[in-house]
2 protein chains.
Amino acid sequence: MYICPMYSSELIKGTLKTIVLNLLKDNEKMYGYEITQKVKDLTDSKIQITEGALYPTLHALEKQGDVTVEKVYIGKRVRKYYILTDQGTITVADRVNELSDFMKTMRFLLDLDSNVQNV
Amino acid sequence: MYICPMYSSELIKGTLKTIVLNLLKDNEKMYGYEITQKVKDLTDSKIQITEGALYPTLHALEKQGDVTVEKVYIGKRVRKYYILTDQGTITVADRVNELSDFMKTMRFLLDLDSNVQNV
DNA sequence: AATTAATACCTAAGTAAATTAGGTATTAAT
DNA sequence: ATTAATACCTAATTTACTTAGGTATTAATT
């Protein structure tokens, strides 16, 4: 199965934690595979999170206390649900604000708002 | 001299070439140091390009044919002006479109447009 | 006059966050 | 019966930076 990310990987780099945390903010609990599918669906496959990037990121978020894990067995198959902690709620707000601010700065820097085509 | 970038470096990662090319699109010719100052000025120091990142990037752009170089001596001090090539003009359009599209997708994904505070 | 700051270029080593490329195992679909 | 989808994982590699130096000229400050 070939994975075709629409955006060059450099752009997505640095936004993964923000994406994951923001999804958990809106969904209470999600498991890894579900996150990859959700992002794919919401972005019309323009952003496809690779598992090699996602799982280490989820483990890092757990380690730094932004999420907790809840193991659930679906038959014999394990699912690890990730839930945002109180600290994680603060982190996601910070991250989203920073990204939002950064994108605003980039739009100004690249003079994108004066270009009608970019709506 | 301490450099304090406002945004975490991961965010800026991947946008440097686009920023540089776009400045050259609007300015005909610029030299490295001038680019760092211009970006600092335009972003109120929120984005500060480090020289360790910029010079290798300029050399890469030259190697891949997006810019040409013009050496000028100001007294005994050398200045290397970078000028966008025809190919570079295409590259910058592609890059800016991609970044613009990516930011639009991120705004949707993070549900930023429904948040009045992010204007 | 001497020192510091600003201008202007550069590179090498280290780092962080991805990609690539595997692996295991269960369940559903063809 | 075989393939695809679900669901987890890691190790090696790559990439684009940061950090931390270096050289040299010119302007500003003490």
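In what follows, chains are A, B, ... by sequence order, proteins preceding strands, each numbered from 1.
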Check for a donor-acceptor pair, side chain of N27(B) on one end and backbone N or O of L23(B) on the other, with a separation under 3.5 Å. yes
If the cut-off is 4.0 Å, is H59(B) near the phosphate of dC10(C), judged by side-chain N/O to OP1 or OP2? yes
Member of Y81(A), Y82(A), Y55(A) meeting the ring pair (Phe, Tyr, Trp, His ring centres under 6.0 Å) criterion with Y31(A): Y81(A)
Could you say whether L58(A) or K13(B) is positioned toward the 5' end of DNA chain D, judged by the nucleotide with the nearest heavy atom to each? L58(A)
Would you please say whether a donor-acceptor pair under 3.5 Å links the side chains of N97(A) and S100(A)? no
Strictly below 4.0 Å: does Y31(B) bring a side-chain N or O up to OP1 or OP2 of dA8(C)? yes
Assuming nearest nucleotide by heavy-atom distance, tell me which of I74(A) and G52(A) is located more 5' along DNA chain C. G52(A)
Could you tell me whether the side chain of Q87(B) and the main chain of Q64(B) form a donor-acceptor pair under 3.5 Å? yes
Could you check E34(B) against T57(A) and say which one's nearest nucleotide on DNA chain C is further toward the 5' end? E34(B)
What is the separation between atom CD on Q37(A) and atom C1' on dA4(D), rounded to the nearest whole Å? 13 Å
What is the distance, to the nearest angstrom, from the CD atom on E70(B) to the C1' atom on dA8(C)? 16 Å
Rounded distance (Å) that lies between atom P of dA18(C) and atom CD1 of I47(A): 12 Å
Salt bridge (charged side-chain N to carboxylate O under 4.0 Å, His left out) with K40(B): which residues, sequence neighbours excluded? none
Rounded to whole Å, CD1 of I49(A) lies from C1' of dA18(C) at a distance of 12 Å
Give E51(B) one of three labels, base, sugar-phosphate or nothing, depending on what nucleic acid heavy atoms sit under 4.0 Å from its own. base
Quick one: M30(B) CE to dA8(C) P, roughly how many Å, whole number? 12 Å
Under 3.5 Å: donor-acceptor pair, side chain of E10(A), backbone of L16(B): no
Tell me who clusters with I90(B), hydrophobic residues only, linked when side chains sit under 4.5 Å apart either directly or through other members. none
So what does R77(A) touch, heavy atoms closer than 4.0 Å: a base, only the sugar-phosphate, or nothing? base
Below the 4.0 Å mark, does dC9(D) have OP1 or OP2 next to a side-chain nitrogen or oxygen of Y55(A)? no
Does R95(B) offer a backbone N or O that forms a donor-acceptor pair with the side chain of T18(B) under 3.5 Å? no
How would DNA chain C look in dot-bracket form, 5' to 3', counting Watson-Crick and G-U wobble pairs with both distances under 3.5 Å and writing | for bases paired to another strand? ||||||||||||||||||||||||||||||
5′-ward residue of the pair P56(B)/K76(B) relative to DNA chain D: P56(B)
Calculate the interatomic distance between Y7(A) atom OH and dA17(C) atom C1'; express it in whole Å. 20 Å
Between dC8(D), dT19(C), dC17(D), which one does the side chain of V78(A) approach most closely? dC8(D)
May I have the distance from K71(B) (atom NZ) to dC10(C) (atom C1'), rounded to whole angstrom? 12 Å
Nearest-Å distance, OH (Y81(B)) to P (dT7(C))? 14 Å
